[in-house]
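These notes are about the structure you will find just below.
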Amino acid sequence: MLTEFFGKELRRTMNASECVAGLRDGVSWNLLVSGYCQMGFHGKAMEVFHDSRVADVTLDKFSYASVLGVCAQMRDVKLGEIVHGLIFVSGLSVHEFLVNSLIDMYSKCGKVDNARLVFESSDNVDDVSWNSVIAAYVRSGFSERTLGVLVKMHKSGLKLNCFALGSVLKACSACFSGSGEFGRVAHGCAVKLGLDVDVVVGTALLDIYKVDVGDACNQEYRIPESYDDIHSGNVDQEKRFSAALQRYRENHSSSSNVRDSWENNRLAKGMMKFGSEKNQVFGSSYQYVFEEDPIEFVKACVDNEELFSKLESPYAVKEKEVQKLHDDRKDLPIYRLREDLLQAVGDHQVLIIVGETGSGKTTQIPQYLHEAGYTKHGKIGCTQPRRVAGMSVAARVSQEMGVKVGHEVGYSVRFEDCTLSEKTVVKYMTDGMLLREFLGEPDLRSYSVLMVDEAHERTLSTDILFGLVKDITCHQSDLKLLISSTYFDWAPIFRIPGRRFPVVSYFTTAPEANYLDAAIVTILKIHVTEPKGDILVFFTGQEEIETAEEILKHRTRGLGTKIAELIICPIYANLPTDLQNKIFEPTPEGARKVVLATNIAETSLTIDGITYVVDTGFCKMKSYDPRTGMQSLLVTPISKASATQRLGQAGRTGPGKCYHLYTAHTYHNELEENTQPEIQRTDLASVVLLLKSMGIEDVRSFDFMDPPADEGLCQALELLFALNALNKKGELTKLGRRMAEFPLDPMLSKTIVASEKYRCTEEILSIAAICCPLATLYFTSRRTKRSMLIKQG
Ligand SMILES: Nc1ncnc2c1ncn2[C@@H]1O[C@H](COP(=O)(O)OP(=O)(O)OP(=O)(O)O)[C@@H](O)[C@H]1O
């Protein structure tokens with residue numbers, strides 16, 4: 001009734017968007033989709049179907065079946081594949097009802113192999129499925145395969161319907177030219193099932209016998225005489241079947257063996273003869289026997305002439321690349337403000353720069369300053385909270401400047417210094433590395449500009465840096481300090497409005513119970529339904545990333561060639577650099593890359609081609625309990641600032657979409673504005689040791705942006721005293737100075753220094769490397785190891 005009502009309503013309005021505007025629940029969407037399909041308004045049906053996806057409504061199996069019907073009628077296999085993907089993702093592919101619709105759609109669109117795959121990979125097939133796949137084979141002219149399915153079906157005890165039987169008989173006539181036992185079997189079946197009186201079946205039978213009459217080699221088929229009681233008009237099934245069998249037995253003795261006849265038939269088909277049949281062929285006659293299913297070949301390379309005509313000179317390619325980089329730089333929102341920015345930097349010693357993520361702060365500002373001559377009297381240093389960001393930004397900037405990484409543009413991260421002291425003028429580094437430089441060069445004389453990037457992340461090192469550089473700028477008027485962040489307002493602010501590419505944000509309608517599952521479903525949904533573009537997904541850590549990788553591999557393997565290839569690239573801090581770099585490799589044509597990342601990929605990292613971002617809404621955060629002295633990593637909801645950063649990753653190299661796996665209500669009401677500064681949730685012993693080694697005696701009066709709790713500071717002082725790093729007066733001891741040289745927890749530093757005395761330094765170094773929380777040792781998870789062992793048997 002409702003459908004009817006909707007039908008009338010549709011007829012009246014004929015405007016999907018009007019109807020959609022009023023839709024509230026899944027039932028209405030389903031009615032509307034089915035209604036349009038049934039009434040033959042295919043365009044409208046597809047419009048509503050598309051709108052339902054935008055509204056993130058999951059349709060029911062009937063709607064999907066209707067849409068598949070439309071795809072079949074429109075022969076639109078691309079759309080059919082998308083619907084197939086949606087069905088798979090929504091877990092509806094177990095319904096035999098939809099299996100049959102899929103087989104039908106693929107067969108009508110000429111994708112018989114896909115139809116077969118659906119049929120073979122489904123556990124829930126019924127006689128309709130068998131009949132559908134037979135019809136698919138016949139439609140595509142695969143006569144032998146048809147008969148193969150028929151035999152299997154017969155063995156499974158399932159019944160043919162009249163359409164499928166008609167198809168089978170057609171296949172017999174096409175395949176065997178009337179020579180086969182299959183034809184007789186099929187005819188026998190028709191009689192037994194009472195289907196030989198059906199118009200479709202009858203016509204097919206006539207076809208078989210027509211072929212027979214024309215075939216001089218095979219005289220074995222004859223139309224069975226009437227075996228019904230003509231006078232009474234009764235149809236006697238038993239009699240029909242025994243009559244058909246009798247004919248079969250009569251002819252069987254004279255006929256050649258079925259297998260022989262089949263082989264002869266195949267041989268005759270596969271034999272290629274040259275010249276006229278009557279003429280003598282010179283030399284011995286060659287026979288070429290072709291395989292049943294020809295192997296398809298693809299041209300590996302164009303011929304030389306074609307190749308040379310297409311080949312561009314390497315110089316032309318290089319020029320094009322340079323031109324593109326040049327054009328890309330001009331497209332950035334910051335480009336219009338270049339002169340104003342230089343003016344502002346000239347006018348103010350400290351400047352806060354506020355701009356959307358991806359507007360060009362990190363890559364462009366150091367270049368503008370270099371071009372304006374700021375590097376004549378010192379370097380430009382730019383700090384990053386993470387090493388991978390420091391390395392990749394340096395690579396990008398050196399590319400844009402047309403120089404080698406490590407020469408004019410370099411980077412310095414823990415364990416890797418890629419700079420030349422006499423040549424490097426633009427230096428990207430982690431904030432921790434700049435802190436280390438303070439130890440050797442307390443006034444930072446070698447720098448003319450310092451840019452503290454991503455300051456809103458409030459890492460421990462960034463906070464300490466602030467206190468130190470603020471102090472230096474008071475005495476050194478020629479050192480410029482730029483702070484890139486939306487967080488601060490204690491200095492003049494320079495704003496860069498606009499984002500290079502738009503990003504559409506989506507929230508879930510209800511909270512997700514399991515964000516890992518939700519992320520997997522979202523990835524698969526994007527993969528099968530959305531246009532070209534790579535995906536970046538944020539998880540909290542290595543273990544989660546590995547689990548997601550395993551599940552994704554398992555699920556996509558199950559889909560075989562039905563979907564495009566999905567290349568999975570994990571990235572987390574402990575992954576070796578060469579494996580981390582895989583995320584930057586270009587995605588091959590026709591495939592899609594999905595980067596599974598921790599918040600390592602949240603800032604300053606541009607992965608070319610990322611169009612979709614999936615934000616799970618959580619991250620792992622360091623937490624410290626001063627009472628127990630225990631440090632731990634806790635899974636915590638991210639801040640709004642983090643969510644904005646994550647979203648920004650989708651619009652760096654093109655327009656994008658960001659799927660937040662939490663509700664808009666959660667975003668507006670439950671997420672903190674900013675991440676809590678690390679200094680307030682960490683063990684302060686190493687901070688105090690570092691400050692002491694820099695000559696800051698009264699640590700409590702240091703200009704912290706957000707001072708840590710007194711309790712934490714006292715505990716840190718006590719620990720350093722217990723380790724003999726400080727004396728009774730709170731001054732740094734000789735041992736303390738040596739300990740401060742190590743970028744480690746003071747307890748580990750003390751252990752290493754003490755190992756000298758006990759002559760076990762080598763062993764202690766190994767132990768310290770394992771204990772260090774940021775150890776670059778690469779562990780595979782227990783799960784991966786277990787699966788490797790299972791594979792090895
Ligand atoms: N490796 C790269 N490949 C392609 N494009 C890049 C690359 N690095 C940077 N870009 C381009 O330069 C733009 C500016 O990047 P940049 O890191 O300077 O932005 P930002 O304003 O500092 O953002 P954020 O605050 O998130 O670091 C990017 O949006 C992107 O279009």
Side-chain angles (χ1 to χ4, degrees), residues 321-322 324-338 341 352-370 380 382-401 405 409 411 426 428 430-431 451-459 462 482-488 494-503 533-534 536 538 571 580-587 593 595 597 599-611 613 615 641-656 658:
E321 276 175 15
V322 172
K324 183 167 182 313
L325 284 173
H326 204 68
D327 295 344
D328 281 354
R329 285 187 68 191
K330 283 188 179 168
D331 276 351
L332 293 173
I334 200 170
Y335 182 74
R336 293 171 276 122
L337 302 168
R338 184 181 185 278
L341 176 79
I352 292 169
I353 295 163
V354 175
E356 286 282 357
T357 166
S359 54
K361 303 180 291 295
T362 318
T363 52
Q364 304 307 307
I365 294 177
Q367 290 190 70
Y368 294 167
L369 295 172
H370 169 59
I380 297 173
C382 178
T383 66
Q384 295 293 321
R386 297 191 184 87
R387 34 185 288 134
V388 63
M391 290 155 86
S392 73
V393 172
R396 173 70 181 187
V397 173
S398 52
Q399 205 185 2
E400 288 184 358
M401 284 173 62
V405 192
V409 182
Y411 64 85
V426 176
Y428 290 91
T430 49
D431 39 19
M451 178 167 164
V452 182
D453 201 7
E454 315 296 353
H456 57 270
E457 288 222 358
R458 302 294 306 275
T459 60
T462 301
L482 307 182
I483 295 156
S484 156
S485 169
T486 47
Y487 203 78
F488 311 104
F494 184 86
R495 290 185 195 278
I496 306 162
R499 188 190 286 279
R500 188 172 169 204
F501 297 104
V503 180
D534 296 332
L536 172 63
F538 287 99
I571 181 166
Q580 284 186 347
N581 285 340
K582 280 200 176 301
I583 63 165
F584 298 112
E585 285 174 11
T587 315
K593 177 165 68 185
V595 179
N599 49 7
I600 194 174
E602 205 173 279
T603 47
S604 287
L605 203 67
T606 304
I607 308 167
D608 206 0
I610 294 289
T611 309
V613 164
D615 166 23
S642 267
T644 312
Q645 279 293 138
R646 290 181 176 191
L647 175 140
Q649 294 301 91
R652 285 183 162 252
T653 53
C658 179

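Atoms within each ligand, like the ligands themselves, are counted from 1 in listed order. Everything numeric in this text was worked out from a predicted model, so none of it was measured. We count residues from 1, following the sequence as given.
For Tyr335, the OH atom is loosely surrounded, since the number of other residues' heavy atoms within 6.0 Å does not exceed 12.
Between the side chain of Thr653 and the backbone N or O of Gly651 there is no donor-acceptor pair closer than 3.5 Å. A donor-acceptor distance shorter than 3.5 angstrom exists from the side chain of Lys593 to the backbone of Ile583, with no hydrogens or angles considered. Remark: the backbone N or O of Glu602 is paired with a side-chain donor or acceptor of Gln645 at under 3.5 angstrom. Using modelled atom types, one side-chain atom of Ser398 and one backbone atom of Ala394 make a donor-acceptor pair closer than 3.5 Å.
Residue-level contacts of ligand 1 at the 4.0 Å heavy-atom threshold are Leu332, Glu356, Thr357, Gly358, Ser359, Gly360, Lys361, Thr362, Thr363, Arg396, Glu454, Arg500, Ser604, Thr606, Gln645, Arg652, Thr653.
Taken from CD in Glu400 to CG in Leu325, the straight-line distance is 6.0 Å, to the nearest 0.5 Å.
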